[in-house]
There are 2 protein chains.
Amino acid sequence: MAKLKNTEQKIFDAATDLFLEKGVDRTSVREIATRAGINLALMNYYFRSKENLFDAIFTQLVKQNSEELIRVLDSDLELHEKIRQYVHIYIDMLSENPLLVSFVMSILHRSRERITEMKAISSLYATDQFTRQLIDEGKKGNIRRTNPTHFFVDMLSLIAFPFAIKMLVMDKNNFTEKEFQEFIKERKERVPEMLIDSLRLR
Amino acid sequence: MAKLKNTEQKIFDAATDLFLEKGVDRTSVREIATRAGINLALMNYYFRSKENLFDAIFTQLVKQNSEELIRVLDSDLELHEKIRQYVHIYIDMLSENPLLVSFVMSILHRSRERITEMKAISSLYATDQFTRQLIDEGKKGNIRRTNPTHFFVDMLSLIAFPFAIKMLVMDKNNFTEKEFQEFIKERKERVPEMLIDSLRLR
DNA sequence: ATGGCTTTTAAACAGTGTTTAAAACAACAA
DNA sequence: TTGTTGTTTTAAACACTGTTTAAAAGCCAT
């Protein structure tokens, strides 16, 4: 057993673990090298820089998780059901992978340039298919005519931001981790309801 | 003129400018010292560390901006009007002070401990008075009975998150800065409407 | 085995935040 | 004034960071 991994993979895996454990800024390349059991300079040999290594890890992580979301957006599901499923899957994903939130946050926060990761994150955004569906249903009079950008920003905000302010919410409500998870679970019903309601004809 | 400022104030001001200009991580203490026209070690003499200096600046910035918001939440305004004003003021604040967003983001992202800044941020959260108002109106049957925590998280999410994903939204919609501001302006009407709608009896 | 590639290594480099111990300054007492 | 005490400032060093270098080791086909 063991020894199947080549050097590049060992660095990638060790860095992934450490980045998720203690954040990118707080893990040094020397630490990565030690954990991976390789020489310090090899990190720069295989990935040009620490930043680049992070890019690679981040892109892979987002790609893994976004596929299912895109599949839902591009599916033939009826609009309301699609929204329900999208929100469910997205919230579940962030629940199980809380570090993805802080990853994305850290990217968005140092927002200048950084187009590499931007491209990756973009895959979490609306698809053309979904945008068209929203416009079509509006034209048909099945829903209120709605600016797709606003609707999608609403949706992303209601899904993702609660995770970003998790500590704040827990602190203010004296939530345990379990109670916060319960709170999030409630949002899986509440958020789609709110979004669908905003599409209601009046 | 000039020369009114003592050393501590010079450091504080120079650091504030630089932090806002290029972010905390990307400004070195040597840069701060140079800009402030003081010796390197004085930064550690007056503030114990760079982190501590950031805390001081951050706390002051948040305090400045949160006062008006708290005043609205604690006012006697009718609920719907209060929501409208709160959203308006909050969005205006973030529009004029985009760096406050990235500041808060950077705090929330490195979420462990960091209670000092947490306390500061907490002042941006719901007040008891507002929570009570929401429950009372529900009991009176004027609005739908609503979990205040959910409602407030909804409100904060719809207000703040669009700023966090500004670059993503601009990139996806080919927005200019001006167009993004227009988009945000639209949200000043849209968001209160959505929130008030979620309180509607049914 | 010899040459030409890739991979690995130890050492150094330039940058960071922080600490030290001595110097300069200030204010007050003798 | 001089001397003493406490505060403020300084230059230098420290320990750490990410990155580069140039030499060594390994590999593989000729």
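Here is how names work: the chains are called A, B, and so on, in the same order as the sequence lines, proteins then strands, and each is numbered from 1. All of these numbers come straight from a predicted model, not from anything done at the bench.
Between C:dT18, D:dA11, D:dT8, one nucleotide has an atom nearer to the side chain of B:Asn39 than all others, and that is D:dA11.
One atom, CZ of A:Arg48, and another, P of D:dT20, lie 9 Å apart when rounded to the nearest Å. When rounded to the nearest whole Å, the span between NZ of A:Lys50 and C1' of C:dT16 equals 12 Å. We find that CG of A:Asp25 is positioned 13 Å from P of C:dG17, with the value rounded to whole Å. Nucleotide C:dG17 holds its P atom 15 Å from the CG atom of B:Asn52, rounded to whole Å. Taking atom CZ on B:Phe47 and atom P on D:dT8, their separation rounds to 13 Å, with Å as the unit. A straight line from CG of A:Asn44 to P of C:dA11 spans 18 Å, rounded to a whole angstrom. Between the CD1 atom of B:Ile11 and the P atom of D:dT10 there is a distance of 11 Å, given to the nearest Å. In this structure, the CD atom of A:Glu8 is 13 Å from the C1' atom of C:dT6, given to the nearest Å.
Both B:Thr27 and A:Ala41 lie close to DNA chain C; mapped to their nearest nucleotides by heavy-atom distance, the more 5′-ward contact belongs to A:Ala41. Each of A:Arg30 and A:Leu42 was assigned the nucleotide of DNA chain C with the nearest heavy atom; the assignment lying further toward the 5' end belongs to A:Leu42.
When the side-chain nitrogen and oxygen atoms of B:Thr7 are compared with OP1 and OP2 of D:dT9, one or more of them lie within a distance under 4.0 Å. For B:Tyr46 and D:dT9, the shortest distance from a side-chain N or O to OP1 or OP2 is below 4.0 Å. An OP1 or OP2 oxygen of D:dG18 is reached within less than 4.0 angstrom by no side-chain nitrogen or oxygen of A:Ser49.
In summary, A:Asp197 and B:Arg202 engage in a salt bridge, as defined by a charged side-chain N under 4.0 Å from a carboxylate O. The pair B:Arg35-B:Glu21 counts as a salt bridge, with a side-chain nitrogen and a carboxylate oxygen less than 4.0 angstrom apart.
Aromatic ring pairs are classed by plane angle as parallel below 30°, tilted from 30° to 60° and perpendicular above 60°; the pair B:Phe163 and B:Phe180 is perpendicular. Ring geometry, B:Phe130 versus B:Phe152: the interplanar angle exceeds 60°, so the pair is classed perpendicular (tilted spans 30 to 60°).
What you find for B:Pro162 and B:Ser157 is that their closest heavy atoms are CD-O, 3.6 Å.
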